[in-house]
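What follows is a short report on a single structure.
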Amino acid sequence: MLLFNTQRELVSHLNSISNEKTSIGFVPTMGALHQGHLSLLEESLKHNSINVISIFVNPTQFNNAEDLAKYPKTLDADIEKIKSVSDAIIVFAPSVDDIYEGKTISQHFDYDGLENQMEGKFRPGHFDGVGTIVKRLFEIVKPNNAYFGEKDFQQLQIVKKLVSKYKIPVNVVGCPIYRETNGLAMSSRNERLTQEERKKAAIIYKTISQAKKLFALKSAKEVTDFVVREFKKQSDFELEYFQIADEATLLPCTRKTKGKKYRAFIAVFVNKIRLIDTISLN
Ligand code: PAF
């Protein structure tokens with residue numbers, strides 16, 4: 001397994017091994033890897049001859065200094081996990097300076113309104129930071145295929161919009177959510193939960209699964225009211241938002257329209273740790 005800490009070294013290595021017959025698969029991450037990330041790597045390995053994973057906690061996508069400071073950093077353990085998938089994976093773990101070259105600021109992006117909903121509304125500037133780093137990483141790695149988890153479904157749609165607007169020649173692939181046995185969506189932030197909180201956080205998936213069943217019979221407003229009521233009963237959890245939205249536009253569903261695909265999105269705080277999840281509704 002090769003580890004590069006600077007873009008210069010990575011680019012020079014990739015230039016030396018790639019040609020018109022090779023295909024580069026890329027998995028961008030912020031580390032604290034879990035089975036969900038490893039499944040993205042496995043998907044990448046199936047379809048590409050060169051496989052790269054980046055591990056970089058991107059400061060510009062955090063709108064909360066405490067969240068950034070507490071974001072788990074577990075590079076050695078991450079490397080062991082990557083090796084357990086394959087020894088042939090290339091790891092790119094740059095420093096903030098190497099990526100931002102002294103100007104740790106985001107570029108502003110217009111994603112045709114996708115950025116104004118949910119995560120974008122509650123984490124101002126978040127998707128400018130995501131766009132900045134993803135575009136930068138795509139320019140460095142020049143992947144043919146890039147793999148993103150559907151847990152961050154809004155991010156996935158935004159990255160697809162970014163590559164189409166900027167005509168970046170990469171195929172963006174969405175991969176299914178990985179869940180703990182109790183249903184909790186796997187996330188690097190789960191590392192910060194106590195065992196007890198982790199157990200109790202099963203309520204998130206349980207509630208959105210109930211919401212999915214209800215949505216077959218009730219309106220989006222009735223389903224939303226149900227979820228809000230459920231979380232009011234939970235003293236350890238604070239619901240930040242629950243939104244049923246059109247999968248393509250991410251606009252809230254006011255009235256169900258035949259033929260449209262809907263998805264529920266949720267963000268919940270457990271003892272200041274913010275967890276998100278999503279489920280397809282039809
Ligand atoms: O989903 C993440 O882990 C991050 O938002 C990403 C795509 C690696 C950009 O920093």
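In each ligand, atom 1 is the first atom listed, and ligand 1 is the first ligand listed. Numbers here simply count residues along the sequence, with the first being 1.
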Test side-chain hydrogen bond (donor to acceptor under 3.5 Å, both in side chains) applied to N271 - qualifying residues, sequence neighbours left out: E197
Atom-level proximity to ligand 1, residues with heavy atom under 4.0 Å: P28, T29, M30, N58, Q61, I133, F148, Q155
So, for F242 and F265, is the gap between ring centers shorter than 6.0 Å? no
My understanding is that only residues two or more places apart in sequence, or in another chain, count here; which of them pass salt bridge (Lys or Arg N to Asp or Glu O under 4.0 Å) with K200? D236
Please examine the side chains of F127 and Q61, heavy atoms only from C-beta on, and report whether any two atoms are closer than 4.5 Å. no
I need the minimum non-hydrogen distance between N63 and R123, along with the two atoms involved. ND2-CA, 3.2 Å
Considering only residues two or more places apart or on different chains, which pairs with a residue in residues 165-216 satisfy ring-ring contact (aromatic ring centres under 6.0 Å, His included)? F109-Y166, F215-Y262
